[in-house]
Amino acid sequence: MTETRFDPSSADGRWQRAWHEAGTFTADSNSDKPKSYILEMFPYPSGRIHMGHVRNYTMGDVLARYKKMQGYEVLHPMGWDAFGMPAENAAMEKKVHPGSWTRSNIEAMKEQLQRIGFALDWTREFATCDPEYYGHEQALFLDMYASDLVYRRSSEVNWDPVDMTVLANEQVIDGKGWRSGAEVEKRKLDQWFLKITDFADELLDGLGDLKHWPDKVRLMQENWIGKSQGLEFSFDLSNGQKLPVYTTRPDTIFGSSFCAIAADHPIAQALATDSAEVTDFIEECKRGGTTAAALETAEKLGYRTPITARHPFTGEAMPVFIANFVLMDYGTGAVMGVPGHDQRDFEFATKYDLPIARVVAADPAQASAPMGGEAEAGDGVIVNSDFLDGKSVDDAKADVITRAESGGWGEGKTVWRLRDWGVSRQRYWGTPIPFIHCAKCDIVPVPKDQLPVTLPDDVDFETPGNPLERHPTWKHTTCPKCGGAAERETDTLDTFTNSSWYFLRFASQPADAPFDPAEIAKWMPVQHYIGGIEHAILHLLYARFWTRALSHIGKFDVKEPFAALFTQGMVTHETYSLGDGSWLSPDEVRKDGADWTRIEDGAPVTSGRVVKMSKSKKNVVDPDNIIANYGADAVRWFMLSDSPPERDLPWSESGIEGCYRFVQRLWRLFGHYDPAATGEDKALARKAHQAIVAVAEDIEALGFNKAVARIYELTGAAEKAAPSESRNFAIRAILHLIAPMMPHLAEEAYSVMGESALIADAAWPAHDPAMLVEDEVTIAVQHKGKLRDTLTVPKGAPKEDLEALALASEKVQRSLDGAEVRKVIVVPDRLVNIVT
RNA sequence: GCGGGUGUGGCGGAAUGGUAGACGCCGGGGACUUAAAAUCCCCUGAUCUUUGAUCGUGUGGGUUCGAUUCCCACCACCCGCACCA
């Protein structure tokens with residue numbers, strides 16, 4: 001082979017066509033091979049593929065290609081999470097239809113993905129905005145309704161009082177509507193809910209079986225579900241009513257100095273009917289949006305009602321407040337305030353000058369120690385609490401619950417932090433909720449033979465609000481029950497619904513049903529699921545819930561959708577800004593020595609922190625330009641190199657150049673493959689066998705950066721070696737090891753070596769276990785834990801020999817300087833540590 | 001505010017209780033060349049009294065013969081918080 005350069009601009013497309021024509025990556029569910037379903041979180045078609053997508057899909061692609069080489073029938077599909085707000089925003093800004101905007105984005109992004117050479121089964125592609133897809137989703141929603149997993153209730157939304165429209169949390173900026181700038185309010189609407197709380201226990205327990213999920217994600221889900229044991233009991237109120245409260249800290253009941261109820265608590269609402277002051281306060285509580293962060297960082301506000309609550313043990317009369325930090329949705333919508341041992345209560349009590357008592361202390365002697373500037377939520381012994389004094393927190397909890405239950409005024413109760421999933425969205429570009437409102441028959445499901453309920457095409461986005469609501473004809477229909485005039489539901493489903501079952505539709509897509517249980521059984525669960533850590537809770541919990549709910553209603557027998565989860569880091573880039581704080585994109589700037597300047601006019605540029613690539617900071621690099629310059633394989637290699645895949649990956653121009661150089665370096669090495677070479681090079685052969693095993697282990701553990709480093713090492717060794725059979729073995733090994741990572745280069749070299757088949761169909765190279773073992777090891781010799789010398793010894797040398805050799809070392813003797821040896825620690829094949 | 005994570009040379013990182021800095025990038029020196037590109041070779045944590053030694057894995061403590069790794073506290077940054085996807 002002559003010393004040519006590898007030319008990605010011709011090779012990439014050629015091999016991509018070859019795979020397409022051969023159907024190399026089309027999954028055959030009837031294959032005898034073991035099955036492996038590799039899935040990356042499908043993209044939202046925002047317009048262009050970004051580097052984050054490239055990283056995500058490259059990782060999945062390496063796994064898919066590797067699994068295929070290991071003899072699996074691989075399902076590696078791709079589709080589009082196509083409903084969502086950005087399409088409506090585009091409609092408003094650019095006067096395009098959300099559907100056509102989405103479709104053209106999909107077309108462009110699909111082409112981009114194909115240029116990177118991903119091993120995807122495009123025969124299974126779909127978009128969630130396809131009526132076939134969302135029609136099946138509507139059918140599943142109706143099945144859930146029939147199984148009592150769907151209901152309606154009133155719930156709060158962010159309301160823009162100027163635009164008269166519901167706002168997403170993202171559209172609320174510093175408490176104001178993004179378009180109108182008006183201060184946002186909370187408003188109640190009747191909305192659709194899915195009963196995820198019915199599965200709280202199962203979703204919590206199921207985490208224990210997810211052995212191949214990151215611990216952090218399981219912990220986050222566990223905390224999100226938030227199972228807590230506590231006491232529900234009622235205070236007798238001065239107005240004769242009872243006030244049920246829930247607390248996770250019944251042990252601190254003697255420290256209670258007030259009660260607080262939510263603004264929409266019935267007692268607060270009742271007080272408002274004859275008090276303008278209360279009405280005003282409740283109005284005040286409606287200010288601001290609905291996010292947890294906004295609620296919890298907002299100033300604690302309270303209104304002291306004339307009502308008092310009687311403490312169940314002391315009989316003391318405690319004030320009852322209406323407070324903005326109590327949520328009607330959690331527990332009973334009322335709490336007992338224990339300022340000494342709850343930080344929120346502490347702040348509230350400080351503000352309203354309420355008693356702050358210590359009822360938990362480090363030890364009984366500290367019973368009268370003053371409270372510091374904050375609540376003490378930690379463990380300890382109970383003090384100042386009558387019969388509870390001296391008990392541990394846990395014992396006191398149990399004691400109070402027992403007394404409440406035997407006294408008949410309360411009971412131990414499990415409460416979940418998890419709330420039911422509100423799926424109603426007052427927007428156009430989503431799955432229409434398949435129900436009809438009839439004045440006579442109330443709420444009536446759309447009969448299944450009338451599905452899909454499709455979105456109308458003729459909609460306008462000139463006015464704020466839901467176009468479905470305003471549409472002249474769409475919502476007017478007849479009641480399926482009584483035949484009278486009726487109206488369609490105009491809410492659409494949360495887009496998380498679309499992503500809660502798409503992996504099932506990839507596995508099987510019959511026309512007349514959402515999926516085929518027999519096909520589901522073949523492919524599910526997904527063996528490797530890869531996506532961003534930002535989905536650790538919501539998407540993954542909703543997908544787990546849908547799988548369990550569908551399993552519960554008998555659709556199939558799969559409990560958990562994703563056997564293994566991997567959360568990859570973001571792609572980041574340096575930021576560039578001018579003196580006025582405006583951002584510049586990487587291709588607008590140039591480095592002059594140590595300083596950065598704007599290419600256009602030489603204006604000085606400040607290079608800033610390395611952060612996630614984002615349009616707002618302009619620090620984005622377009623994958624298309626990079627592929628055009630360096631080819632797909634260099635980009636793929638960059639995505640796998642250096643940074644561990646779960647961490648952020650900083651993009652750099654010099655890094656991609658290095659990757660491109662390595663592509664060419666490999667091409668030259670493959671060119672030195674010499675079938676006529678003879679002779680053995682045992683050291684190189686051993687390195688090659690070790691690399692075959694190590695790279696496989698690294699890929700299976702998704703340690704791509706380590707696999708890359710090992711390939712560099714073996715490549716360096718093979719380059720330096722003289723021609724031999726061993727060297728040929730090493731070169732062929734490298735070719736196969738890089739095949740999942742740099743598939744175009746691998747195919748080209750494979751073909752040049754005279755192979756007529758595709759390397760994508762080749763098997764992972766075999767290794768000889770006898771070749772993995774080293775004869776010699778280098779061990780460390782330490783004195784007092786510090787390295788003094790190293791020794792090269794036969795592997796498995798006995799302890800006594802190692803000790804004697806270590807003590808004989810000149811460097812060690814110098815360090816010992818005649819001191820008495822008290823102890824020698826010997827770890828065979830690793831080190832000797834001499835203690836004096 | 002609450003929940004979760006991360007922190008090692010100029011940069012990305014390796015080492016998960018046993019030789020800190022593998023591998024890559026940047027930088028420096030050299031070879032080849034009329035020259036350049038490409039390629040190849042060598043050096044590259046800091047300090048010092050430099051054939052050697054000391055220091056060094058965010059900060060401060062602790063456990064251990066031995067800690068980047070385990071424990072406690074703190075600091076900084078990142079992710080999520082239920083209508084962004």
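Each chain gets a letter, A, B and so on, in the order the sequences are listed, and its residues count up from 1.
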To the nearest angstrom, how far is A/Phe346 atom CZ from B/C2 atom P? 14 Å
Once pairs are restricted to Watson-Crick or G-U wobble with both distances under 3.5 Å, how does RNA chain B read as a dot-bracket string, [ ] for crossings and | for other-strand pairs? (((((((..(((.....[....))).(((((.......))))).((((...))))..(((((..]....))))))))))))....
Whichever of A/Val217 and A/Ile533 has its nearest RNA chain B nucleotide further upstream toward 5': A/Val217
On RNA chain B, nearest-nucleotide positions of A/Leu219 versus A/Tyr44: which is more 5'? A/Leu219
Suppose you measure atom [atom1] in [N] against the same atom in [M]; what distance do you get, rounded to whole Å?
| N | M | atom1 | answer |
| --- | --- | --- | --- |
| B/C74 | B/C55 | P | 30 Å |
| B/G18 | B/A31 | C1' | 41 Å |
| B/U39 | B/G5 | C1' | 44 Å |
| B/G24 | B/G9 | C1' | 14 Å |
| B/A20 | B/A15 | C1' | 7 Å |
| B/G66 | B/U16 | C1' | 15 Å |
| B/G60 | B/C79 | P | 28 Å |

Quick one: is the NZ or CZ of A/Arg153 closer than 6.0 Å to the six-membered ring centre of A/Phe193, and within 45° of its axis? yes
Under 4.0 Å: is that the gap between some side-chain N or O of [X] and OP1 or OP2 of [N]?
| X | N | result |
| --- | --- | --- |
| A/Asn223 | B/G4 | yes |
| A/Ser652 | B/C25 | no |
| A/Asn169 | B/C81 | no |
| A/Arg419 | B/A82 | no |

Ring pair (Phe, Tyr, Trp, His ring centres under 6.0 Å) assessment of A/Trp637 paired with A/Tyr712: CA-CA 12 Å; A/Trp637 188 250; A/Tyr712 272 117; 5.8 Å; yes
Considering only heavy atoms from C-beta outward, does the side chain of A/Tyr428 approach that of A/Thr492 to under 4.5 Å? no
Quick check on side chain to side chain contact (heavy atoms under 4.5 Å, CB included): which of A/Ile537, A/Leu204, A/Leu203 does A/Trp224 satisfy it with? A/Ile537
Counting only pairs under 3.5 Å, give me each side-chain donor-acceptor contact of residues 645-654 of chain A, with atom names and distances, residues two or more places apart or in other chains.
residue  : atom : partner  : partner atom : Å
A/Asp648 : OD1  : A/Met570 : N            : 3.0
A/Ser652 : OG   : A/Gly655 : N            : 2.9
A/Glu653 : OE2  : A/Tyr630 : OH           : 3.1

Are any side-chain N or O atoms of A/Thr715 and backbone N or O atoms of A/Ile711, one a donor and one an acceptor, separated by less than 3.5 Å? yes
Salt bridge flag under 4.0 Å for residues A/Arg179 and A/Asp163: no
side-chain hydrogen bond (donor to acceptor under 3.5 Å, both in side chains) partners for A/Ser180, two or more places apart: A/Asp160
Protein within reach of the bases, or only the backbone? For nucleotides 37-55 of chain B, mark each nucleotide 5' to 3' as B, S or -, using heavy atoms under 4.0 Å. -SS-S----------S-SS
Which residues satisfy the side chain to side chain contact (heavy atoms under 4.5 Å, CB included) test with A/Arg48, sequence neighbours excluded? A/Gln112, A/Asp622, A/Asp624
Using the test side chain to side chain contact (heavy atoms under 4.5 Å, CB included), find all partners of A/Thr290 that sit at least two apart in sequence or belong to another chain. A/Glu156, A/Asn158, A/Asn169, A/Lys186
At a heavy-atom distance below 4.0 Å, what parts of residues 607-616 of chain A sit against RNA chain B? A/Arg609
Under-3.5 Å donor-acceptor pair between A/Gln191 side chain and B/C83 base: yes
Between the protein and nucleotides 56-65 of chain B, which nitrogen or oxygen pairs come in under 3.5 angstrom?
residue : atom : partner  : partner atom : Å
B/C65   : O2   : A/Asn833 : ND2          : 2.4

Sorted by chain and number, sequence neighbours left out, salt bridge (charged side-chain N to carboxylate O under 4.0 Å, His left out) with A/Glu299 holds for A/Lys351
Donor-acceptor pairs are to be reported for all side-chain atoms of residues 780-792 of chain A against protein atoms at under 3.5 Å, with residues two or more places apart or in another chain.
residue  : atom : partner  : partner atom : Å
A/His783 : ND1  : A/Ser815 : OG           : 2.7
A/His783 : NE2  : A/Thr836 : OG1          : 3.1
A/Arg788 : NE   : A/Ser815 : OG           : 3.3
A/Asp789 : OD2  : A/Ser809 : OG           : 2.8

With sequence neighbours left out, write down each residue that passes ring pair (Phe, Tyr, Trp, His ring centres under 6.0 Å) with A/Tyr57, or none if nothing qualifies. A/His53
Shorter than 3.5 Å, N or O on both sides, protein versus nucleotides 8-15 of chain B: list them out with atom names.
residue : atom : partner  : partner atom : Å
B/G12   : O2'  : A/Ser643 : OG           : 2.6
B/G12   : N2   : A/Asp642 : OD1          : 3.0
B/A14   : OP1  : A/Asn705 : ND2          : 3.0
B/A15   : OP1  : A/Lys706 : NZ           : 2.9

Of the nucleotides B/G4, B/G1, B/C79, which one has an atom closest to the side chain of A/Glu296? B/G1
